Protein chains: 4
Amino acid sequence: MPRTKKQFEEIREQTKTKILNVALELFAKKGYSNTTISEIAKSANISKGLAYNYFESKEQLMEEVIKILFVEIENMFIALEGEKDPFEKLSRIIDLTFEWVTEREDFWRLYTNLLMQVETKVIVDKVAGNFMDSMFTEMEKMFRKMKIKNPVEEAKIFGAILDGMSFHILFLGNEYPITQMRNFLKSKYSKENLV
Amino acid sequence: MPRTKKQFEEIREQTKTKILNVALELFAKKGYSNTTISEIAKSANISKGLAYNYFESKEQLMEEVIKILFVEIENMFIALEGEKDPFEKLSRIIDLTFEWVTEREDFWRLYTNLLMQVETKVIVDKVAGNFMDSMFTEMEKMFRKMKIKNPVEEAKIFGAILDGMSFHILFLGNEYPITQMRNFLKSKYSKENLV
Amino acid sequence: MPRTKKQFEEIREQTKTKILNVALELFAKKGYSNTTISEIAKSANISKGLAYNYFESKEQLMEEVIKILFVEIENMFIALEGEKDPFEKLSRIIDLTFEWVTEREDFWRLYTNLLMQVETKVIVDKVAGNFMDSMFTEMEKMFRKMKIKNPVEEAKIFGAILDGMSFHILFLGNEYPITQMRNFLKSKYSKENLV
Amino acid sequence: MPRTKKQFEEIREQTKTKILNVALELFAKKGYSNTTISEIAKSANISKGLAYNYFESKEQLMEEVIKILFVEIENMFIALEGEKDPFEKLSRIIDLTFEWVTEREDFWRLYTNLLMQVETKVIVDKVAGNFMDSMFTEMEKMFRKMKIKNPVEEAKIFGAILDGMSFHILFLGNEYPITQMRNFLKSKYSKENLV
DNA sequence: TATGAATGAGAGTTCATTCAT
DNA sequence: CATGAATGAACTCTCATTCAT
């Protein structure tokens, strides 16, 4: 018996997800330019031609990958929304950042690459808008709740520390004292030390 | 009458410098893979072939660009060696970083790109070795002189702030409150606030 | 509906054979270095890029051409294996050599080129190994069967005559008295004259 | 004091000879296509530009190299003209061939390459004419003097043996029993065995 | 006479994209 | 829906040749 429309759609959805996952992984590992459509197709167990059935071009595939990337980042923050205690929230942000940067290294590498290159930055802007602004605002709110002086500036400093450390970890790998710094940072931004 | 050896050397010096400057700019703006030798040649007003008279390959050109980058970074630190007061030194490091990141944006963009991209990381390792370690060590010494607690960790935090902020400035451009943050950071790391 | 696997295989087989034939002809006529992939593609009525769908590199294409060459040479010898009478066999080797050198001139030209050119010798060694040794050994056996004195040396002399004559024919073309020499050689190496 | 016209001409002659020798060596060792004018100039301790002062083009340089090649071959034969005894002459031809092919391997390799490739063959024809014909004629005379039957054919067989063996020696190098075959050939073509 | 910087055409190679089946 | 053969533009790199000095 022929498949129903719904079944077809499910298959389509599955294939598309497969391609996106594979593309994300490869773009992150090897960079956008050094990843070929052939490789992606092979890794996804489909033909080159079929990839073009799902995505107009390599660039559009990249766009969709970036979208996923930012959705995941957004989800990370949504997961924190329940947390009302700003000190606890800060602590969890630190944890999450360290977890992500170690467990999803490629992911972060792709993210950082994207932001730095003028050409891909356009794509990022298109799909992610001013996400960095909202991050700063989010953190500012936290610091304000904590009654810290200069919450605007402290939020930016805090953001810089997280991104800067991610940087250093990605660059130095195991040579970086990850656990030690994580604990140090959490202590530095703990209730006892901040207030 | 043929040109003298000195004349030839001057020509080579000039052309080589021109190529290197253009390459630095383009590599920084577009990334290594997305920059072609053709573009570099066109920007430098020379023929494609001539570029290969000066550099064995695209990779070797990149290497020389990176070398220059790190020599300049080194010079920045050498300029600070005379400064014996650690608080003053810290303040000047902050100033220098902000000046560089605004005045020599390409430079920093390239530097950041390099640290993140897998493909160029190999080249960086080859020409720059463990420069980041020595930076951390240098900063650690400063914090030790200041009798700050946990100098190792504070050095890493400070480095993260500088790199993280540079990152944000490069990404956000004029939207980032550069002067404001510069002053805030200098105040935060001033003698009065640290001791 | 996509083509079946078999259909694809047929297409690949056909195109590959076409490329190989053209490459054989051009490599033979102009030498390896003086033949470009563009020329081969044009002669085969395909795009330059397609050639690389079938062969990894120019060198690998050459390797496959050489392989074919040696397979055909081997087949020539296999065809003779049924022949038990050494005198008859010798006669047929002479005939075959003359036929090949006239009917498959490109083939022989390539073969001769290969043996002489330093650049291709490496490739030949890779795919053909010590084929010349086995040829000498084969001929030596024949002469031994004929109870000729010094079979080792005579085999080498005989081999030299065949290769030397092929060389002369290729060089002089129709100016060389091919039929006459063929008959003369067959008579010289006939049972009546040898024993 | 300024150099005289004659001195200038001598210098010119020396430089030209130097270039030709170097070119011969390199063309022979690496093949025509794989030898660059730069290499030749560097090996001759002159500038690239100066080479073009002496030779119009790479091809013309090649032509002159070939000329020298054939002059040397001719000299080899002229050296034999004094020898009136055909048996002795034959023996010396064998010796000379073996000596050349071992001592001037590159030389012979170039010569063989030239004859095989359709494009360079044109150059050879231009400078050397039908030298092979005259060789055959020369040998034929010898065999006629010896009162050998079928001197025309035997001359061709003999020529084929020499060229074929040169071939095998160039291809197999030290694996070929050079001395053994040289003695065998000389014995085979000695007065005792021929008459 | 002599230099080597500079050119430009063309080599080998890669790959996003198209399309007949 | 699915295939992979085929294209063509663009890439890195090479080198014979020219030319200002």
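Predicted model, so just to flag it, every value in this text is computed and none were measured. Order of the sequence lines fixes the chain letters, A, B, ..., with proteins taken first and strands second; residue numbering starts at 1 for each chain.
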Do we see a donor-acceptor contact under 3.5 Å between the side chains of B:E10 and B:Q14? no
Between C:Q7 and A:K58, the residue closer to the 5' end of DNA chain E by nearest nucleotide is A:K58
Using a heavy-atom cut-off of under 4.0 Å over every strand shown, decide if A:T15 touches base, sugar-phosphate, or nothing. nothing
Does this structure show an ion pair linking D:E63 with D:K67, if we count only N-O contacts that are shorter than 4.0 Å? no
Residues from residues 41-56 of chain C lying under 4.0 Å of DNA chain F - heavy atoms: C:I46, C:S47, C:K48, C:G49, C:L50, C:N53, C:Y54
Does OP1 or OP2 of F:dC1 have a side-chain N or O of A:R12 closer than 4.0 Å? yes
Separation of atom NZ in B:K30 from atom C1' in F:dC11, rounded to whole Å: 13 Å
Please give me the minimum heavy-atom distance between C:K18 and C:A44, naming the atom from each residue. CE-O, 3.3 Å
Quick one: do D:K29 and D:E25 make a salt bridge, cutoff under 4.0 Å? yes
Specify the separation, in whole Å, of atom NZ of C:K18 and atom P of F:dA5. 14 Å
Grab the CD-C1' distance between D:E39 and F:dT14 for me, whole Å please. 12 Å
Hey, which sits more toward the 5' end of DNA chain E by its nearest nucleotide, C:F8 or A:I37? A:I37
B:I66 versus B:F27: any side-chain heavy-atom pair under 4.5 Å? no
Measure from NZ or CZ of C:K58 to the centre of the six-membered ring of C:Y32, then state whether that distance is under 6.0 Å and the direction lies within 45° of the axis. yes
Have a look at D:I46 and tell me which of D:N53, D:I19, D:I40, D:V22 forms a side chain to side chain contact (heavy atoms under 4.5 Å, CB included) with it. D:I19
If I take atom NZ in residue C:K6 and atom P in nucleotide E:dT21, what distance separates them, rounded to the nearest angstrom? 18 Å
Take atom CG of C:N34 and atom P of E:dA11, then tell me their distance rounded to the nearest Å. 11 Å
Given atom CD of A:Q60 and atom P of E:dT17, what is their separation to the nearest angstrom? 10 Å
Between CE of D:M62 and P of F:dA16 the distance, given in whole Å, is 13 Å
Within this structure, what is the CD1-to-P distance between D:I40 and F:dT17, rounded to whole angstrom? 11 Å
N-O pairing of D:R109 and D:E105 below 4.0 Å: yes
Which dot-bracket notation, 5' to 3', represents the base pairing of DNA chain E when pairs are defined as Watson-Crick or G-U with both distances under 3.5 Å, crossing pairs as [ ], and inter-strand pairs as |? .||||||||||||||||||||
Would you indicate whether the side-chain heavy atoms of D:L26 and D:N34 approach each other to under 4.5 Å? no
Looking only at the side chain of C:S38 (C-beta and beyond, no hydrogens), which of the listed nucleotides E:dA11, F:dA5, E:dA6 gets closest? E:dA11
Counting the atoms with a prime plus P, OP1 and OP2 as sugar-phosphate, which does B:S57 contact under 4.0 Å by heavy atoms, base, sugar-phosphate, or nothing? sugar-phosphate
